[in-house]
Asks: 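Take this structure first; my questions come after.
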Amino acid sequence: MLQPNGEIHVRHKTSVPFCYWNLPYLAERNSLTLFKSTPFKIEDYPGYNNKRGDGSRSDDPFPLGECSTFFFKIDYSSQLQNIDYMQMKKELNLRHRALVHVYGR
């Protein structure tokens with residue numbers, strides 16, 4: 001994502017209940033768009049070790065089950081549609097007034 005055309009790759013379980021997270025929807029709500037999804041095959045990633053990540057067994061692996069890799073990019077069009085220009089103008093005016101107050105200009 002550091003590059004203009006960067007991508008975010010998320011590997012996530014797709015079986016119940018994990019499918020209810022609805023990653024494409026969550027991404028869309030944050031100006032990302034899903035452009036590809038592929039089944040995750042652990043054999044394609046030599047040395048990959050999954051971890052629980054929390055609790056007393058955080059370093060323990062867990063059964064992968066059904067998983068996919070989701071590929072996201074920034075959706076610039078949705079960012080533009082979600083801009084509240086009046087709110088932006090108010091915030092800029094407040095910042096300007098704060099600077100004038102601090103620096104006296």
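Basis for what follows: all heavy atoms, side chains included, without hydrogens, waters or symmetry-related copies. Quick caveat: nothing in here was measured; it's all calculated off a predicted structure.
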Asks: Is there side-chain contact between Phe35 and Glu7, with heavy atoms separated by less than 4.5 Å?
Replies: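 In short, these two side chains touch, coming nearer than 4.5 Å.
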Asks: To the nearest 0.5 Å, what is the distance between CZ (Arg52) and CZ (Phe62)?
Replies: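 Here the rounded value is 7.5 Å.
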Asks: Mark yes or no for whether Asp75, through its side chain, and Lys73, through its backbone, hold a donor-acceptor pair below 3.5 Å.
Replies: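 Judged by distance alone, no pair lies under 3.5 Å.
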Asks: Which residues pass the side chain to side chain donor-acceptor pair (under 3.5 Å) test with Arg57, not counting sequence neighbours?
Replies: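 Arg57: side chain to side chain donor-acceptor pair (under 3.5 Å) contacts with Asp60.
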Asks: Does Leu26 share a hydrophobic cluster with Phe18, counting links as ILVMFWY side-chain heavy atoms below 4.5 Å and allowing steps through other members?
Replies: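 No: no chain of side-chain contacts under 4.5 Å links Leu26 to Phe18.
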Asks: Does one hydrophobic cluster hold both Leu23 and Ile8, with members joined at side-chain heavy-atom distances below 4.5 Å?
Replies: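 Same cluster: Leu23 reaches Ile8 through Ile, Leu, Val, Met, Phe, Trp or Tyr contacts under 4.5 Å.
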Asks: Determine whether more than 12 heavy atoms belonging to other residues, nucleotides or ligands lie under 6.0 Å from atom CG of Asp54.
Replies: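 Open: at most 12 neighbouring heavy atoms sit under 6.0 Å from CG of Asp54.
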Asks: Quick one: SG on Cys67 to CG on Asn50, what's the gap to the nearest 0.5 Å?
Replies: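 Atom-to-atom, Cys67:SG and Asn50:CG are 8.0 Å apart.
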Asks: Restricting to pairs with a member in residues 10-27, which pass side chain to side chain donor-acceptor pair (under 3.5 Å), not counting sequence neighbours?
Replies: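 Found Arg11-Tyr45.
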Asks: Could you check whether any side-chain N or O of Lys51 sits under 3.5 Å from a backbone N or O of Ser58, counting only pairs where one atom can act as donor and the other as acceptor?
Replies: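 No, because the side chain of Lys51 does not come within donor-acceptor range (under 3.5 Å) of the backbone of Ser58.
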Asks: Could you walk me through whether Thr33 and Phe72 pass the side chain to side chain contact (heavy atoms under 4.5 Å, CB included) test, one step at a time?
Replies: CA-CA 5 Å; Thr33 187; Phe72 300 99; over 6 Å; no
Asks: Under 4.5 Å between any side-chain heavy atoms of Thr38 and Phe70, yes or no?
Replies: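 Not in contact.
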Asks: Could I get the full list of side chain to side chain contact (heavy atoms under 4.5 Å, CB included) partners for Ile42, not counting sequence neighbours?
Replies: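 So Ile42 forms a side chain to side chain contact (heavy atoms under 4.5 Å, CB included) with Phe40, Tyr48, Leu64.
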